[in-house]
Number of protein chains: 2
Amino acid sequence: MKKFEEKTLSSEKIFEGKIISLQVDEVQLPDGNRSKREIIKHPGAVAVIAVTEENKIVMVEQYRKAMERSLIEIPAGKLEKGEDPVDSACRELEEETGYECEKMEHITSFYTSPGFADEIVHLYFAHGIRKKENAASVDEDEFVEVYELSLIEAEQYIKDGKIRDAKTAYAIQYLQLRKALGQ
Amino acid sequence: MKKFEEKTLSSEKIFEGKIISLQVDEVQLPDGNRSKREIIKHPGAVAVIAVTEENKIVMVEQYRKAMERSLIEIPAGKLEKGEDPVDSACRELEEETGYECEKMEHITSFYTSPGFADEIVHLYFAHGIRKKENAASVDEDEFVEVYELSLIEAEQYIKDGKIRDAKTAYAIQYLQLRKALGQ
């Protein structure tokens, strides 16, 4: 899909970080005029819907510096270089929550902020989760607390603003839809 | 919610653009160690679920330079400085699609990429939409084509990858849930 394609006239790399990079592209618009596009490149990420035998959704609280607050989110993390998303999903689930699973089912993938970033989140459903002995732990600069919430509690956390990110909102709505459809 | 707070030791502004800015903060972690956080600041955005009398979802196709492809999304755009999100939602709906509405209902708000950006999307449902005569048009550097899709078509567009962004995926699932609940 290349409709209204914006041809790159020049591209200036502004920043190359640990996680993101920033470039400014000068583009030729479909009418021949020029404009600039500020673009964040990101390696992509995975997120996992994991539900216990007791029908609780596994979530993690962590501090999010960009908003200067903590958020409760489904387990997630960025792809390591060359890593298959399904392996990444298993790794993040284990590191952040101590759970492993029998099978990771791919649900959907979406761009989070298509107006300025290429980040894509691959969303998985973890079937047959159980606590793993000697589970790998999170990176040394990550601090997380694990929560297990019923769907009703999760809905309340959204109302209270404790849960407030797109992938987790999508995941909760996904579980609401499954419930409404009797699945 | 300040759990696991990361105190700012220093903040370096790397880039100040038309839409986003980038800073790198050095932070003190809860265990006393130091780390760096790459942070994008964004003015925030609105997105609108608009359904016609014929039960078609109003969408727009546009080129997304970050991914070098076009995407079909619900009408959306960034907040202008000092603009009330509900006014922004009305403005974007009119500019991108030519529709006005009787009432904008706030559905939810979510951070799109909490790991590196503070962008928040305020999602609205436009009640009582109708084509406006002499509607305002999009910015001079925006090129969009309007689509009106049934829910079944939208579900197929997700499967085909023509629709692939978080806010639109959430919006379609929202309509699926309303349908499943008989609303």
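Here is the naming used below: chain letters follow the sequence lines, and residue numbers restart at 1 for every chain.
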With side chains defined as the heavy atoms from C-beta onward, is the minimum distance between Ser35(B) and Lys18(A) less than 4.5 Å? yes
inquiry  = I'd like to check Glu119(A) versus Phe116(B) (side-chain heavy atoms, cut-off strictly below 4.5 Å). Are they in contact?
reply    = yes
- Would you mind reporting whether Glu38(B) and Phe15(A) have side-chain heavy atoms less than 4.5 Å apart? yes
Tightest non-hydrogen contact, residues Lys65(A) and Lys7(B), listed as NZ-C, 4.1 Å
- Query: Any salt bridge between Arg37(B) and Asp141(A), counting N to O under 4.0 Å?
  - Reply: yes
Beyond-backbone contact of Ser70(A) with Lys2(B), side-chain heavy atoms, under 4.5 angstrom: no
Interface check, chain B: of Leu71(A), Val24(A), Asp165(A), Ile158(A), most non-hydrogen pairs under 4.5 Å belong to Asp165(A)
* To do: State whether a side-chain donor-acceptor pair under 3.5 Å links Thr112(A) with Ser113(B).
  => yes
Does some side-chain heavy atom of Lys167(A) sit less than 4.5 Å from a side-chain heavy atom of Pro114(B)? yes
Among residues 39-59 of chain B, those lying within the under-4.5 Å heavy-atom range of chain A are Ile39(B), Ile40(B), Lys41(B), His42(B)
Bottom line for Ile120(A): the part with an atom under 4.5 Å from chain B's heavy atoms is side chain
Per-residue tally against chain B (heavy atom, under 4.5 Å) across Arg64(A), Met67(A), Gln173(A), Glu6(A) peaks at Gln173(A)
Most heavy-atom pairs under 4.5 Å with chain A, out of Ala166(B), Gly115(B), Ser109(B), belong to Ala166(B)
Scored by heavy-atom pairs under 4.5 Å with chain B, the best of Val144(A), Ile163(A), Thr168(A) is Val144(A)
Whatever's closer than 4.5 Å to a heavy atom in chain A on Leu22(B) counts as side chain
**Prompt:** Going by an N to O cut-off under 4.0 Å, is there a salt bridge joining Glu145(B) and Lys3(A)?
**Reply:** yes
Query raised in the report: Is it true that Tyr174(B) and Leu177(B) fall in one hydrophobic cluster, defined by side-chain heavy atoms closer than 4.5 Å?
Result: no
Of Gly161(B), Gly17(B), Gly77(B), the largest count of non-hydrogen pairs under 4.5 angstrom with chain A goes to Gly17(B)
Output for pair (Lys179(B) NZ, Leu181(A) CG), nearest 0.5 Å, gives 9.5 Å
Of Asp118(A), Ile72(A), Asp25(A), the largest count of non-hydrogen pairs under 4.5 angstrom with chain B goes to Asp118(A)
Q) Does Val86(B) belong to the same Ile/Leu/Val/Met/Phe/Trp/Tyr cluster as Tyr99(B), with side-chain heavy atoms less than 4.5 Å apart forming each link? A) yes
Greatest number of non-hydrogen atom pairs under 4.5 angstrom with chain A, of Gln176(B), Lys159(B), Glu61(B), falls to Glu61(B)
Whatever's closer than 4.5 Å to a heavy atom in chain B on Glu73(A) counts as side chain
field: Common cluster, Ile74(B)/Ile107(B), ILVMFWY with side-chain heavy-atom separation under 4.5 Å
entry: yes
Leu151(A) with Leu123(A), same ILVMFWY side-chain cluster at under 4.5 Å: yes
Are side-chain heavy atoms of Tyr63(A) and Met1(B) found at a separation under 4.5 Å?
no
Okay, Val121(A) and chain B: the region with an atom under 4.5 Å from a heavy atom over there is neither
Okay, Thr8(A) and chain B: the region with an atom under 4.5 Å from a heavy atom over there is both
In short, Phe143(B) meets Phe4(A) closest at the heavy-atom pair O-CD1, 3.6 Å
Close side-chain approach of Glu5(A) and Arg69(B), heavy atoms under 4.5 Å:
no
Just checking Gln183(B): does its CD atom have more than 12 heavy atoms from other residues, nucleotides or ligands closer to it than 6.0 angstrom?
yes
Applying a strict 4.5 Å limit to non-hydrogen atoms, the region of Lys162(A) in contact with chain B is both
Checking heavy-atom separations under 4.5 Å from chain A, one finds in residues 27-34 of chain B Val27(B), Leu29(B), Pro30(B), Asp31(B)
### Message
Hydrophobic clustering (ILVMFWY, side-chain heavy atoms < 4.5 Å, transitive) - are Tyr111(A) and Tyr147(B) grouped together?
### Response
no
